[in-house]
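What follows is a set of notes on a single structure, which appears directly below.
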Amino acid sequence: MIEIKYKNATGWNEFMQNVYKQIADNLIAWYPEHARDLPWRKDKEPYHVWLSEIMLQQTRVEAVKEYYRTFLQELPTIEALAEVDDDRLMKLWEGLGYYNRARNLKKAAGEVVIEWQGNFPAEYDEILSLPGIGEYTAGAIGSICFDLPTPAVDGNVLRVYTRVMEDPSNIDKQAVKKKIREELLQVYRYGHCDMLTQSLMEVGATICLPNGAPKCEVCPLQELCKAHKHDSWQQYPVREAKKKRKVEEKAVLMLRYEDKVAIRKRTEKGLLHGLWEFPNLPGSYSTQEILSYVTSKNLHPKEIWMETTYTHIFSHVEWHMKAFYMECMEQQAKDLRWVTLEELKQEIAIPSAFAPFKDLLNSGA
DNA sequence: AAAGCGGGGTA
DNA sequence: TACCCAGCTTT
(Lines give C-alpha, C1' and ligand atoms only; values in the text may rest on other atoms or scores of the structure.)
Protein backbone atom coordinates (compact mmCIF):
# COMPACT_ATOMS: atom_id res chain seq x y z
CA MET A 1 0.00 0.00 0.00
CA ILE A 2 1.33 3.42 -0.90
CA GLU A 3 1.60 5.88 1.96
CA ILE A 4 0.33 9.29 0.93
CA LYS A 5 -0.37 12.31 3.10
CA TYR A 6 -3.60 14.09 2.41
CA LYS A 7 -4.21 17.77 3.02
CA ASN A 8 -7.93 17.34 3.57
CA ALA A 9 -10.61 14.90 4.48
CA THR A 10 -11.85 14.58 0.92
CA GLY A 11 -8.51 13.21 -0.22
CA TRP A 12 -8.46 10.71 2.60
CA ASN A 13 -11.99 9.60 1.88
CA GLU A 14 -11.11 8.99 -1.75
CA PHE A 15 -8.08 7.00 -0.71
CA MET A 16 -10.11 4.80 1.66
CA GLN A 17 -12.79 4.37 -0.97
CA ASN A 18 -10.17 2.89 -3.26
CA VAL A 19 -9.07 0.54 -0.50
CA TYR A 20 -12.64 -0.68 0.01
CA LYS A 21 -13.13 -1.04 -3.73
CA GLN A 22 -10.00 -3.13 -3.97
CA ILE A 23 -11.10 -5.35 -1.08
CA ALA A 24 -14.39 -5.99 -2.86
CA ASP A 25 -12.75 -6.65 -6.23
CA ASN A 26 -10.13 -9.00 -4.82
CA LEU A 27 -12.64 -11.00 -2.77
CA ILE A 28 -15.09 -11.35 -5.64
CA ALA A 29 -12.36 -12.50 -8.00
CA TRP A 30 -10.98 -14.95 -5.46
CA TYR A 31 -14.09 -16.56 -4.02
CA PRO A 32 -15.50 -18.67 -6.87
CA GLU A 33 -12.23 -20.55 -7.29
CA HIS A 34 -11.50 -21.04 -3.61
CA ALA A 35 -14.83 -21.55 -1.82
CA ARG A 36 -15.19 -24.82 0.07
CA ASP A 37 -18.02 -27.05 -1.10
CA LEU A 38 -20.29 -26.95 1.96
CA PRO A 39 -23.74 -28.56 2.22
CA TRP A 40 -25.51 -25.26 2.98
CA ARG A 41 -24.00 -23.56 -0.07
CA LYS A 42 -25.90 -25.72 -2.55
CA ASP A 43 -28.78 -23.24 -2.77
CA LYS A 44 -30.00 -19.98 -1.25
CA GLU A 45 -33.19 -21.32 0.25
CA PRO A 46 -33.67 -19.15 3.37
CA TYR A 47 -34.57 -22.13 5.56
CA HIS A 48 -31.32 -23.86 4.63
CA VAL A 49 -29.13 -20.79 5.08
CA TRP A 50 -30.90 -19.89 8.33
CA LEU A 51 -30.52 -23.38 9.79
CA SER A 52 -26.83 -23.49 8.90
CA GLU A 53 -26.15 -20.06 10.39
CA ILE A 54 -27.82 -21.01 13.67
CA MET A 55 -25.94 -24.31 13.88
CA LEU A 56 -22.68 -22.54 13.08
CA GLN A 57 -22.97 -20.05 15.93
CA GLN A 58 -19.85 -20.64 18.05
CA THR A 59 -19.57 -24.03 16.38
CA ARG A 60 -17.08 -25.37 13.84
CA VAL A 61 -18.00 -26.30 10.30
CA GLU A 62 -16.90 -29.90 10.70
CA ALA A 63 -19.08 -30.36 13.79
CA VAL A 64 -22.15 -29.01 11.99
CA LYS A 65 -22.12 -30.97 8.72
CA GLU A 66 -23.71 -34.18 9.95
CA TYR A 67 -26.24 -32.45 12.21
CA TYR A 68 -27.30 -30.24 9.29
CA ARG A 69 -27.87 -33.23 7.03
CA THR A 70 -29.85 -35.21 9.62
CA PHE A 71 -31.91 -32.22 10.72
CA LEU A 72 -33.05 -31.36 7.19
CA GLN A 73 -33.76 -34.96 6.39
CA GLU A 74 -36.17 -35.21 9.32
CA LEU A 75 -37.52 -31.64 9.17
CA PRO A 76 -37.35 -30.69 5.48
CA THR A 77 -39.58 -27.61 5.74
CA ILE A 78 -40.17 -24.69 8.08
CA GLU A 79 -43.70 -26.04 8.64
CA ALA A 80 -42.31 -29.36 9.82
CA LEU A 81 -39.92 -27.56 12.16
CA ALA A 82 -42.71 -25.45 13.61
CA GLU A 83 -44.62 -28.59 14.60
CA VAL A 84 -41.83 -30.86 15.80
CA ASP A 85 -42.09 -32.40 19.26
CA ASP A 86 -39.74 -30.78 21.77
CA ASP A 87 -38.06 -34.04 22.81
CA ARG A 88 -37.49 -34.92 19.16
CA LEU A 89 -36.03 -31.46 18.56
CA MET A 90 -33.57 -31.90 21.43
CA LYS A 91 -32.63 -35.35 20.13
CA LEU A 92 -31.77 -33.82 16.76
CA TRP A 93 -29.59 -31.25 18.53
CA GLU A 94 -28.07 -33.71 21.04
CA GLY A 95 -24.35 -33.07 21.44
CA LEU A 96 -24.26 -29.88 19.41
CA GLY A 97 -24.56 -27.60 22.45
CA TYR A 98 -26.25 -24.26 23.12
CA TYR A 99 -29.65 -25.94 23.09
CA ASN A 100 -31.56 -22.68 23.20
CA ARG A 101 -30.57 -22.27 19.58
CA ALA A 102 -32.87 -25.17 18.71
CA ARG A 103 -35.74 -23.90 20.87
CA ASN A 104 -35.50 -20.47 19.28
CA LEU A 105 -35.34 -22.07 15.85
CA LYS A 106 -38.68 -23.79 16.45
CA LYS A 107 -40.18 -20.64 17.95
CA ALA A 108 -39.08 -18.58 14.95
CA ALA A 109 -40.43 -21.22 12.57
CA GLY A 110 -43.82 -20.77 14.20
CA GLU A 111 -43.62 -17.03 13.63
CA VAL A 112 -42.66 -17.49 10.00
CA VAL A 113 -45.67 -19.77 9.46
CA ILE A 114 -48.17 -17.58 11.31
CA GLU A 115 -46.97 -14.02 10.83
CA TRP A 116 -45.28 -14.37 7.45
CA GLN A 117 -47.62 -16.95 5.92
CA GLY A 118 -44.72 -19.38 5.61
CA ASN A 119 -42.55 -17.00 3.58
CA PHE A 120 -39.26 -16.20 5.28
CA PRO A 121 -39.07 -12.38 5.69
CA ALA A 122 -36.77 -10.63 3.22
CA GLU A 123 -35.96 -7.36 5.04
CA TYR A 124 -33.13 -6.98 7.55
CA ASP A 125 -35.24 -5.65 10.44
CA GLU A 126 -37.83 -8.35 9.91
CA ILE A 127 -35.21 -11.10 9.91
CA LEU A 128 -33.58 -9.57 12.98
CA SER A 129 -36.89 -9.66 14.86
CA LEU A 130 -37.01 -13.47 14.84
CA PRO A 131 -35.95 -15.31 18.02
CA GLY A 132 -32.34 -16.50 18.00
CA ILE A 133 -31.35 -14.17 15.17
CA GLY A 134 -29.00 -11.32 16.12
CA GLU A 135 -27.17 -8.77 14.02
CA TYR A 136 -24.65 -11.22 12.62
CA THR A 137 -27.18 -13.85 11.56
CA ALA A 138 -29.63 -11.29 10.16
CA GLY A 139 -26.80 -9.79 8.11
CA ALA A 140 -25.71 -13.19 6.85
CA ILE A 141 -29.20 -14.31 5.81
CA GLY A 142 -29.97 -10.89 4.33
CA SER A 143 -26.87 -10.78 2.17
CA ILE A 144 -26.71 -14.45 1.20
CA CYS A 145 -30.39 -15.06 0.48
CA PHE A 146 -31.63 -11.64 -0.58
CA ASP A 147 -28.46 -9.87 -1.73
CA LEU A 148 -28.99 -7.10 0.82
CA PRO A 149 -25.98 -4.88 1.67
CA THR A 150 -25.97 -6.14 5.25
CA PRO A 151 -22.45 -7.10 6.38
CA ALA A 152 -22.25 -10.17 8.60
CA VAL A 153 -19.64 -9.52 11.26
CA ASP A 154 -18.60 -12.73 12.97
CA GLY A 155 -15.34 -13.81 14.61
CA ASN A 156 -13.76 -14.49 11.21
CA VAL A 157 -14.62 -11.09 9.82
CA LEU A 158 -13.47 -9.31 12.97
CA ARG A 159 -10.12 -11.06 12.72
CA VAL A 160 -9.68 -10.32 9.02
CA TYR A 161 -10.75 -6.70 9.36
CA THR A 162 -8.63 -5.81 12.38
CA ARG A 163 -5.56 -7.34 10.74
CA VAL A 164 -6.04 -5.75 7.34
CA MET A 165 -6.57 -2.36 8.99
CA GLU A 166 -4.29 -2.92 12.01
CA ASP A 167 -7.26 -1.88 14.12
CA PRO A 168 -6.38 -2.12 17.84
CA SER A 169 -9.99 -1.85 19.02
CA ASN A 170 -11.30 -4.42 21.49
CA ILE A 171 -13.55 -6.60 19.33
CA ASP A 172 -15.57 -7.78 22.33
CA LYS A 173 -17.07 -4.31 22.60
CA GLN A 174 -20.49 -3.86 21.07
CA ALA A 175 -19.58 -0.44 19.71
CA VAL A 176 -16.57 -1.86 17.87
CA LYS A 177 -18.66 -4.45 16.06
CA LYS A 178 -21.07 -1.72 15.07
CA LYS A 179 -18.24 0.46 13.77
CA ILE A 180 -16.79 -2.37 11.70
CA ARG A 181 -20.20 -3.25 10.30
CA GLU A 182 -20.62 0.34 9.17
CA GLU A 183 -17.14 0.43 7.64
CA LEU A 184 -17.89 -2.72 5.69
CA LEU A 185 -20.89 -0.99 4.12
CA GLN A 186 -18.28 0.77 2.00
CA VAL A 187 -17.24 -2.63 0.67
CA TYR A 188 -20.79 -3.89 0.14
CA ARG A 189 -21.81 -0.85 -1.91
CA TYR A 190 -20.35 -2.51 -4.99
CA GLY A 191 -22.86 -5.35 -4.95
CA HIS A 192 -22.27 -9.12 -4.92
CA CYS A 193 -23.32 -9.00 -1.27
CA ASP A 194 -23.73 -12.76 -1.11
CA MET A 195 -20.16 -13.37 -2.22
CA LEU A 196 -18.75 -10.65 0.01
CA THR A 197 -20.26 -12.16 3.14
CA GLN A 198 -19.18 -15.68 2.17
CA SER A 199 -15.69 -14.67 1.05
CA LEU A 200 -14.87 -12.57 4.10
CA MET A 201 -15.71 -15.54 6.32
CA GLU A 202 -13.94 -17.94 3.98
CA VAL A 203 -10.73 -15.93 4.20
CA GLY A 204 -11.05 -15.90 7.98
CA ALA A 205 -11.70 -19.62 8.20
CA THR A 206 -9.14 -20.90 5.68
CA ILE A 207 -6.40 -18.25 5.42
CA CYS A 208 -6.46 -15.69 8.22
CA LEU A 209 -6.67 -18.51 10.76
CA PRO A 210 -7.93 -18.19 14.33
CA ASN A 211 -4.98 -20.19 15.66
CA GLY A 212 -1.52 -20.34 14.16
CA ALA A 213 0.11 -18.33 11.43
CA PRO A 214 -2.06 -16.95 8.63
CA LYS A 215 -1.40 -18.11 5.08
CA CYS A 216 -0.63 -14.67 3.73
CA GLU A 217 1.08 -16.06 0.64
CA VAL A 218 -2.29 -17.16 -0.75
CA CYS A 219 -4.46 -14.38 0.68
CA PRO A 220 -6.47 -12.25 -1.74
CA LEU A 221 -6.10 -9.28 0.60
CA GLN A 222 -2.34 -9.55 1.07
CA GLU A 223 -1.38 -6.48 -0.97
CA LEU A 224 -3.52 -4.16 1.11
CA CYS A 225 -3.15 -5.83 4.51
CA LYS A 226 -1.31 -3.68 7.05
CA ALA A 227 -0.65 -6.55 9.43
CA HIS A 228 1.02 -8.46 6.61
CA LYS A 229 3.07 -5.44 5.62
CA HIS A 230 4.34 -5.02 9.20
CA ASP A 231 4.23 -8.72 10.13
CA SER A 232 2.03 -7.75 13.09
CA TRP A 233 -0.78 -10.32 12.74
CA GLN A 234 -0.12 -11.72 16.21
CA GLN A 235 -1.28 -8.46 17.77
CA TYR A 236 -4.77 -8.70 16.25
CA PRO A 237 -7.53 -8.95 17.09
CA VAL A 238 -7.50 -7.43 20.58
CA ARG A 239 -9.93 -9.19 22.93
CA GLU A 240 -11.20 -9.09 26.50
CA ALA A 241 -9.38 -11.24 29.06
CA LYS A 242 -11.18 -14.49 29.84
CA LYS A 243 -12.54 -15.33 33.27
CA LYS A 244 -11.59 -18.56 34.96
CA ARG A 245 -13.98 -21.44 35.50
CA LYS A 246 -15.38 -22.69 38.78
CA VAL A 247 -15.26 -26.40 39.62
CA GLU A 248 -18.23 -28.50 40.77
CA GLU A 249 -18.07 -32.04 42.16
CA LYS A 250 -20.87 -34.46 41.30
CA ALA A 251 -21.81 -38.03 42.12
CA VAL A 252 -23.63 -39.71 39.22
CA LEU A 253 -25.93 -42.66 39.90
CA MET A 254 -26.01 -45.30 37.19
CA LEU A 255 -29.00 -47.33 38.35
CA ARG A 256 -30.00 -50.49 36.50
CA TYR A 257 -33.26 -52.40 36.97
CA GLU A 258 -33.70 -55.43 34.73
CA ASP A 259 -32.92 -54.15 31.22
CA LYS A 260 -33.55 -50.50 32.09
CA VAL A 261 -31.56 -47.55 33.41
CA ALA A 262 -32.77 -44.56 35.44
CA ILE A 263 -32.83 -41.08 33.96
CA ARG A 264 -34.50 -37.83 34.96
CA LYS A 265 -35.30 -34.54 33.31
CA ARG A 266 -33.24 -31.51 34.20
CA THR A 267 -35.06 -28.47 35.53
CA GLU A 268 -36.56 -25.90 33.21
CA LYS A 269 -33.97 -23.24 33.90
CA GLY A 270 -30.22 -22.88 33.66
CA LEU A 271 -27.52 -25.07 32.19
CA LEU A 272 -28.78 -27.84 29.88
CA HIS A 273 -32.33 -27.16 31.00
CA GLY A 274 -34.98 -29.53 29.75
CA LEU A 275 -32.54 -32.21 28.68
CA TRP A 276 -32.27 -35.66 30.28
CA GLU A 277 -29.53 -36.79 32.65
CA PHE A 278 -28.57 -39.67 34.90
CA PRO A 279 -29.62 -38.86 38.47
CA ASN A 280 -26.82 -37.14 40.34
CA LEU A 281 -25.95 -35.30 43.54
CA PRO A 282 -23.77 -32.26 44.08
CA GLY A 283 -20.65 -32.99 46.11
CA SER A 284 -18.28 -35.84 46.78
CA TYR A 285 -19.29 -39.11 48.51
CA SER A 286 -17.93 -42.44 49.64
CA THR A 287 -19.25 -45.72 48.28
CA GLN A 288 -21.02 -46.33 51.58
CA GLU A 289 -22.69 -42.93 51.54
CA ILE A 290 -23.98 -43.54 48.01
CA LEU A 291 -25.37 -46.95 49.00
CA SER A 292 -27.13 -45.41 52.00
CA TYR A 293 -28.60 -42.68 49.86
CA VAL A 294 -29.95 -45.04 47.21
CA THR A 295 -31.32 -47.31 49.94
CA SER A 296 -33.13 -44.34 51.51
CA LYS A 297 -34.93 -43.90 48.20
CA ASN A 298 -36.30 -47.46 48.52
CA LEU A 299 -34.45 -48.67 45.43
CA HIS A 300 -32.89 -51.65 47.22
CA PRO A 301 -29.47 -51.55 45.57
CA LYS A 302 -27.24 -54.59 45.35
CA GLU A 303 -23.51 -53.88 45.55
CA ILE A 304 -21.81 -51.14 43.54
CA TRP A 305 -19.93 -53.03 40.85
CA MET A 306 -18.10 -50.21 39.15
CA GLU A 307 -16.95 -46.67 39.86
CA THR A 308 -15.51 -44.39 37.24
CA THR A 309 -14.64 -40.70 37.00
CA TYR A 310 -14.86 -38.17 34.22
CA THR A 311 -14.28 -34.43 33.97
CA HIS A 312 -16.42 -32.39 31.62
CA ILE A 313 -15.40 -28.84 30.77
CA PHE A 314 -17.97 -26.20 29.85
CA SER A 315 -17.05 -22.62 28.98
CA HIS A 316 -17.80 -21.30 32.45
CA VAL A 317 -17.85 -24.34 34.76
CA GLU A 318 -16.08 -27.66 35.17
CA TRP A 319 -17.83 -30.82 36.37
CA HIS A 320 -15.72 -33.39 38.19
CA MET A 321 -17.95 -36.43 38.21
CA LYS A 322 -17.73 -39.82 39.86
CA ALA A 323 -20.23 -42.39 38.63
CA PHE A 324 -21.47 -45.35 40.71
CA TYR A 325 -22.91 -48.30 38.77
CA MET A 326 -25.35 -50.51 40.65
CA GLU A 327 -28.22 -52.92 40.15
CA CYS A 328 -31.48 -52.16 41.91
CA MET A 329 -34.24 -54.54 43.00
CA GLU A 330 -36.99 -51.92 42.94
CA GLN A 331 -37.77 -49.00 40.66
CA GLN A 332 -40.10 -46.90 42.80
CA ALA A 333 -38.51 -43.50 43.09
CA LYS A 334 -40.33 -40.40 42.05
CA ASP A 335 -38.85 -38.14 39.36
CA LEU A 336 -37.05 -41.09 37.83
CA ARG A 337 -37.87 -42.61 34.46
CA TRP A 338 -36.63 -46.05 33.52
CA VAL A 339 -35.69 -46.62 29.90
CA THR A 340 -34.01 -49.33 27.86
CA LEU A 341 -30.71 -48.70 26.16
CA GLU A 342 -32.55 -48.71 22.85
CA GLU A 343 -34.91 -45.95 23.99
CA LEU A 344 -31.91 -44.04 25.29
CA LYS A 345 -30.31 -44.26 21.91
CA GLN A 346 -33.36 -43.48 19.78
CA GLU A 347 -35.35 -40.95 21.79
CA ILE A 348 -33.56 -39.45 24.78
CA ALA A 349 -31.37 -36.37 24.47
CA ILE A 350 -28.49 -36.66 26.91
CA PRO A 351 -25.88 -33.89 27.04
CA SER A 352 -22.30 -34.79 26.17
CA ALA A 353 -21.28 -34.34 29.81
CA PHE A 354 -22.99 -37.67 30.59
CA ALA A 355 -22.16 -39.44 27.34
CA PRO A 356 -19.12 -41.37 28.66
CA PHE A 357 -21.28 -43.02 31.32
CA LYS A 358 -23.89 -43.92 28.73
CA ASP A 359 -21.20 -45.36 26.47
CA LEU A 360 -20.01 -47.62 29.27
CA LEU A 361 -23.55 -48.99 29.56
CA ASN A 362 -23.59 -49.80 25.87
CA SER A 363 -20.27 -51.59 26.04
CA GLY A 364 -21.70 -54.37 28.18
CA ALA A 365 -22.88 -52.94 31.47
C1' DA B 1 -21.94 -3.88 30.22
C1' DA B 2 -21.58 -8.42 31.98
C1' DA B 3 -22.92 -13.02 32.57
C1' DG B 4 -24.85 -17.43 31.05
C1' DC B 5 -24.99 -20.86 27.71
C1' DG B 6 -21.87 -26.54 25.02
C1' DG B 7 -18.84 -28.89 23.02
C1' DG B 8 -14.74 -29.87 20.60
C1' DG B 9 -10.40 -28.82 17.85
C1' DT B 10 -5.73 -26.97 17.95
C1' DA B 11 -1.14 -25.28 19.30
C1' DT C 1 -3.54 -25.60 29.39
C1' DA C 2 -5.62 -21.67 27.03
C1' DC C 3 -7.90 -20.01 23.20
C1' DC C 4 -11.32 -19.98 19.80
C1' DC C 5 -15.24 -21.18 17.00
C1' DA C 6 -20.34 -18.40 10.78
C1' DG C 7 -23.28 -15.39 18.68
C1' DC C 8 -27.72 -14.59 21.16
C1' DT C 9 -30.38 -13.61 25.22
C1' DT C 10 -31.02 -12.28 29.81
C1' DT C 11 -29.71 -9.73 33.80
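Letters A, B, ... are given to chains in the order of the sequence lines, protein chains preceding strands, and every chain is numbered from 1. This is a predicted model, so every value here is computed, not measured.
- Between C:dC3 and A:Asn211, no contact under 4.0 Å exists linking OP1 or OP2 to a side-chain N or O.
- Looking at A:Gln17 and A:Arg189, their side chains do bring a donor and an acceptor atom within 3.5 Å of each other.
- Look at A:His312 and you'll find a side-chain N or O under 4.0 angstrom from OP1 or OP2 of B:dG7.
- A donor-acceptor pair shorter than 3.5 Å cannot be found between the side chains of A:Asn298 and A:Glu330.
- Not a single donor-acceptor pair, N or O on each side, falls under 3.5 Å between the base of C:dG7 and the side chain of A:Thr137.
- At the phosphate of B:dC5, OP1 or OP2 sits under 4.0 Å from a side-chain N or O atom of A:His316.
- Following rounding to the nearest Å, A:Met321 (CE) and B:dG6 (P) show an atom-to-atom distance of 14 Å.
- The six-membered or imidazole ring of A:Phe324 lies away from that of A:Trp305, with a centre-to-centre distance of 6.0 Å or more.
- Counting to the nearest Å, the P atom of B:dG4 and the CG atom of A:Asp172 are 16 Å from each other.
- Relative orientation of the A:Trp12 and A:Phe15 rings is tilted, given thresholds of 30° and 60° on the angle between their planes.
- Across B:dG7, C:dC4, B:dA1, the shortest atom-to-atom separation from the side chain of A:Tyr99 is found for B:dG7.
- Contact check on A:Lys179 versus A:Asp167 returns a salt bridge, with a Lys/Arg side-chain nitrogen under 4.0 Å from an Asp/Glu carboxylate oxygen.
- Among the nucleotides C:dA6, B:dA1, B:dG7, the one closest to the side chain of A:Ser352 is B:dG7.
- Residue A:Tyr98 places none of its side-chain N or O atoms closer than 4.0 Å to OP1 or OP2 of C:dT9.
- B:dG8 and C:dC8 have their P atoms separated by 22 Å, given to the nearest Å.
- In this structure, A:Asn104 places its CG atom 15 Å from P of B:dC5, rounding to the nearest Å.
- Across all strands shown, A:Gly270 has heavy atoms under 4.0 Å from sugar-phosphate atoms exclusively, and none from any base.
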Practice task
Just do the salt bridge (Lys or Arg N to Asp or Glu O under 4.0 Å) check on A:Glu202 and A:Arg41 with the steps written out, would you?
Solution key: CA-CA 12 Å; A:Glu202 196 73 1; A:Arg41 286 179 174 166; 2.8 Å; yes
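- Between A:Tyr67 and A:Trp93, the ring centre distance reaches or exceeds 6.0 Å.
- By the 6.0 Å and 45° rule, A:Lys21 stacks over the aromatic ring of A:Tyr190.
- Scanning residues 25-64 of chain A for heavy-atom distances under 4.0 Å to DNA chain C yields A:Arg36, A:Leu38, A:Trp40, A:Arg41, A:Glu53, A:Leu56, A:Gln57, A:Gln58, A:Arg60, A:Val61.
- Look at A:Arg69 and A:Glu66 and you find a salt bridge, because one of the NZ, NE, NH1 or NH2 atoms lies within 4.0 Å of a carboxylate O, short of that distance.
- For A:Arg159, no side-chain nitrogen or oxygen approaches OP1 or OP2 of C:dC4 to under 4.0 Å.
- The side chain of A:Lys242 contributes an N or O atom lying less than 4.0 Å from OP1 or OP2 of C:dC4.
- Counting to the nearest Å, the P atom of B:dA2 and the CD atom of A:Gln174 are 11 Å from each other.
- For the pair A:Lys65 NZ and B:dG8 P, the interatomic distance rounds to 17 Å; values are reported in whole Å.
- In terms of position along DNA chain B, the nucleotide closest to A:Lys243 lies nearer the 5' end than the nucleotide closest to the other residue of the pair A:Lys243 and A:Ile313.
- Here, C:dC3 and B:dG6 have their C1' atoms 16 Å apart, quoted to the whole Å.
- Between A:Glu240 and A:Gly134, the one whose closest nucleotide on DNA chain C sits nearer the 5' end is A:Glu240.
- At a threshold of 4.0 angstrom between heavy atoms, the contacts of A:Gly212 with the nucleic acid are absent.
- Protein atom CD of A:Glu94 is 11 Å distant from nucleotide atom P of B:dG8, rounded to whole Å.
- Atom NZ of A:Lys269 is separated from atom C1' of B:dG4 by 13 Å (rounded to the nearest Å).
- Between the P atoms of C:dA6 and B:dA3, the separation comes to 25 Å (whole Å).
- Put simply, NZ on A:Lys173 is 11 Å from P on B:dA3, counting in whole angstrom units.
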